[in-house]
Amino acid sequence: MLHQWHLANIRCQGCARSIYKQLSKLSNITDVRVMVDEKLVEFIAPDEALVQVERCLKRMGYVRAEDQAENNGLTVARSVMSCLAGKLS
């Protein structure tokens, strides 16, 4: 099933590369696309894999837009580190 999630903290192609790389490593996740301007990640996954996807994104500092209350200083710092890793890869 195709899923499209709007995420907080996506700022650049470094963020996009990190998100793409990490989600592509997950089993049962395919066709990952990250659109920076729209702050959108799109992927194909079975519904039972969505918890795994959300955990992966949160670990990297990217929370779903509707979960904005979870976006705090630590989350933003994690997203900056993930972004930097994406820029260096």
Side-chain angles (χ1 to χ4, degrees):
M1 174 179 267
L2 177 66
H3 299 277
Q4 294 180 324
W5 290 0
H6 285 90
L7 301 178
N9 302 331
I10 295 179
R11 291 176 290 282
C12 68
Q13 288 302 317
C15 298
R17 271 192 291 279
S18 288
I19 292 168
Y20 175 83
K21 185 176 179 181
Q22 294 303 313
L23 290 185
S24 295
K25 290 179 182 179
L26 299 177
S27 60
N28 298 321
I29 311 300
T30 61
D31 298 326
V32 177
R33 290 182 51 210
V34 183
M35 290 142 276
V36 175
D37 292 338
E38 294 87 359
K39 296 182 182 271
L40 182 75
V41 63
E42 180 179 274
F43 56 93
I44 294 176
D47 288 342
E48 56 270 12
L50 297 181
V51 170
Q52 181 184 19
V53 171
E54 191 164 19
R55 283 184 189 148
C56 177
L57 290 169
K58 282 183 180 179
R59 246 189 339 265
M60 294 189 312
Y62 302 103
V63 296
R64 294 179 71 176
E66 60 264 24
D67 296 333
Q68 192 66 18
E70 297 180 31
N71 196 20
N72 56 40
L74 180 58
T75 306
V76 173
R78 284 183 181 156
S79 72
V80 170
M81 296 305 293
S82 294
C83 175
L84 180 58
K87 286 181 179 182
L88 296 175
S89 65

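If you're wondering where the values come from, they're calculated on a predicted model, not measured in any experiment. We're numbering straight along the sequence, starting at 1.
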Find out whether [X] and [Y] are in side-chain contact, i.e. whether some heavy atom of one side chain is under 4.5 Å from a heavy atom of the other.
| X | Y | answer |
| --- | --- | --- |
| T75 | K58 | no |
| C15 | S79 | no |
| V32 | K21 | no |
| E54 | D67 | yes |
| V76 | N71 | yes |

- What is the minimum heavy-atom distance between S18 and A85, and which atoms define it? OG-C, 4.0 Å
- Between C56 and Q22, which heavy-atom pair has the shortest distance, and what is it? SG-CB, 3.8 Å
How long is the span from the [atom1] atom in [X] to the [atom2] atom in [Y], to the nearest 0.5 Å?
| X | Y | atom1 | atom2 | answer |
| --- | --- | --- | --- | --- |
| D31 | S24 | CG | OG | 9.0 Å |
| R33 | I19 | CZ | CD1 | 14.0 Å |
| N72 | R78 | CG | CZ | 8.0 Å |
| L7 | Y62 | CG | OH | 9.0 Å |
| K39 | H6 | NZ | NE2 | 10.5 Å |
| L88 | R17 | CG | CZ | 9.5 Å |

- Query: Sub-3.5 Å donor-acceptor pair from the side chain of S82 to the main-chain atoms of M60, do we have one?
  - Reply: yes
- Under 3.5 Å: donor-acceptor pair, side chain of R11, backbone of N9: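 Yes.
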- Query: Do M35 and F43 belong to the same hydrophobic cluster, where Ile, Leu, Val, Met, Phe, Trp and Tyr are linked whenever their side-chain heavy atoms lie under 4.5 Å apart, directly or via other members?
  - Reply: no
- Message: With a 4.5 Å cut-off on side-chain heavy-atom distances among I, L, V, M, F, W and Y, is there a chain of contacts connecting V80 to Y20?
- Response: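 No; Y20 is not reachable from V80 via cluster members.
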- Message: Using the rule side chain to side chain contact (heavy atoms under 4.5 Å, CB included), only one of V63, L57, L40 pairs with W5; which is it?
- Response: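 Filter result, single survivor: L57.
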- Would D47 and H3 satisfy side-chain contact (heavy atoms from CB on, under 4.5 Å), going step by step from the backbone distance to the final call? CA-CA 9 Å; D47 288 342; H3 299 277; 3.2 Å; yes
